[in-house]
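Below is one structure; the comments refer to it alone.
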Protein chains: 2
Amino acid sequence: MSRKTPSAKSERILDVAEELFALRGYDGVTLRQIANGAGVDVALASYHFGKKIDLFNAVFQRRAVELNESRLSALRACQDSSGKAGPSVEQIIEAFLRPLEIAQETGDKGWTNYLALIAYINNSPYWGKRMMSKLFDKLVLEFIDALRKALPDARDEDLFWCYHNLSGALTLTLAQTGRIDTLSGGSCRSSDFRAAYDHMIPFTAAGFRQVCGGQ
Amino acid sequence: MSRKTPSAKSERILDVAEELFALRGYDGVTLRQIANGAGVDVALASYHFGKKIDLFNAVFQRRAVELNESRLSALRACQDSSGKAGPSVEQIIEAFLRPLEIAQETGDKGWTNYLALIAYINNSPYWGKRMMSKLFDKLVLEFIDALRKALPDARDEDLFWCYHNLSGALTLTLAQTGRIDTLSGGSCRSSDFRAAYDHMIPFTAAGFRQVCGGQ
DNA sequence: CAGCATATTCAACAAGCGTTGAATTATCAA
DNA sequence: TTGATAATTCAACGCTTGTTGAATATGCTG
């Protein structure tokens, strides 16, 4: 059992923890629920990950690097293909969002749970600030830089508030609360990330232009 | 002690519960923390409100009627003053958001906590659907009706997805995570609801027009 | 004042919590 | 096969949890 190939049971613990933390939050899940879902003894989670909070952090970090890389390479791709003028607002937002959709389309339920966990953390006054910044600020600031170039007349403050709006729309989407299903009488589905982004991209791009002074 | 005038201690329990639930979520708060914060015995919360979940519901419902009334009257006001053409998209969104700002400007910290609690619930896959619908769907559908009239070419599906984006931006604002403070290096502040809405209104109005086919 | 209902505290419960040390099983190199 | 190391389970701990029934305090009514 090498260090680089974690045991199957340790991965199952992460998978179940991911799903339950995303649904009920950190305090709403017990180690026994996780162990039970993973079909292992309760002590095994502590053996592999330490304290409960360490398991929480392990779940949060597990997919972060891969996620950041896929979004960053989407940004680089649209920057490379857009020549000297640089990518448009739509292209940048597309690069920001579409990788999240791909993650879902692989059929890997784990990614969906992970994104819901990010939504939980990002929207939490208690966890949000301290946990999101460390792993995601670098990437986010890179996207904001790109947007600044696409919107040369923008004031920085406006740019950040616009990003805040985008981030909020995205967060509620990732949370998959099912609220829009009820509200729309079934014509929209929370699980349909593609439809969400198909609307979110032109919506937020128009918002950026309106507030940040594109023509 | 009449039924209509709840005791001061019972109100303090609600106030503290509101604050702690908003910060840590339902499972992250114990009845002893609430009782301690309110300066009363643990058993008093059970005496007044029953089970923990009933206290949670009591907190959630306490300010809902007043909030709905203030937003609805803001909508009616802009409908009355806009003549036969009906209010613009901006006016409708303004009526949707500004009452939340007023609630904060009274200096009543309780309202800020309550709005953060709504953000927690609305973004939760576990609580969101079941709790938000009962209290807020009627009002939300009224606003969407108004938007439909202001955007006569809109497809219903597009309208709901646009509302979803607005709701997400609002939810993250109400949560007050402080993330934008860090991200912007201090030039934006989570606590500044007015600045948030000053940006959110033109941002989302432009999004609605873009997606829902205004000229 | 007495009487009574309400409000509040006190004391305790059974259940479940995270955590840990020791015992057991699995894995793999020698 | 043997021995060593990692993985896993077992069993238990001290503590906290939500809840409840009884005891006490409070405030109103007559």
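Everything numeric in this text was worked out from a predicted model, so none of it was measured. Computed over heavy atoms, backbone and side chain alike; hydrogens, waters and symmetry mates excluded.
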- Item | Atom pair distance, as rounded to whole Å: NZ in A:K52 and C1' in C:dG18 | 8 Å
- Item | Closest to side chain of A:L44, choosing from D:dT8, D:dG21, D:dT19 | D:dT8
- Item | B:D27 CG to D:dG18 C1', straight-line distance once rounded to whole Å | 12 Å
- Message: Do the side chains of A:K109 and A:D15 get close enough for a salt bridge, i.e. N-O under 4.0 angstrom?
- Response: no
- Message: Donor-acceptor pair, distance only, cut-off 3.5 Å: does the side chain of A:E66 make one with the backbone of A:R63?
- Response: no
- Between P of D:dG18 and CZ of B:F56, the distance in whole Å: 13 Å
- Query: With respect to the phosphate group of C:dC17, does any side-chain polar atom (N or O) of A:T30 fall under 4.0 Å of OP1 or OP2?
  - Reply: yes
- Taking the six-membered ring for Trp, is the centroid-to-centroid distance between A:F21 and A:F56 below 6.0 Å? yes
- Item | Spacing between B:Q33 atom CD and D:dC15 atom P, to the nearest angstrom | 18 Å
- Message: Nearest to the A:A43 side chain among D:dG18, C:dT19, C:dG21, which nucleotide is it?
- Response: C:dG21
- By nearest nucleotide on DNA chain C, pick out whichever of B:K9 and A:I53 is the more 5' one. B:K9
- Task: Could you check whether A:V40 gets within reach of a base, just the sugar-phosphate, or nothing at all, counting any heavy atom under 4.0 Å?
- Result: sugar-phosphate
- Can you find a donor-acceptor pair, distance only, under 3.5 Å between A:R32 side chain and C:dG16 base? no
- Query: Phosphate oxygens OP1/OP2 of C:dT20: is one of them under 4.0 Å from a side-chain N or O of A:K51?
  - Reply: yes
- So, B:N123 and B:T171: side-chain donor and acceptor under 3.5 Å apart, yes or no? no
- Counting side-chain heavy atoms from C-beta on, which of D:dT9, C:dT9, D:dT19 comes nearest to A:D41? D:dT9
- Item | Residues B:D137 and A:R179 bridged, charged N to O under 4.0 Å | yes
- Query: How many Å lie between CG on B:D54 and P on D:dT20, as a whole number?
  - Reply: 10 Å
- Query: To the nearest Å, how far apart are A:L31 CG and D:dA11 P?
  - Reply: 19 Å
- Message: Looking at A:H48, I'd like to know whether one of its side-chain N or O atoms comes within less than 4.0 Å of OP1 or OP2 on D:dA6.
- Response: no
- Message: Please confirm whether the shortest side-chain N or O distance from B:Y47 to OP1 or OP2 of C:dT8 is below 4.0 Å.
- Response: no
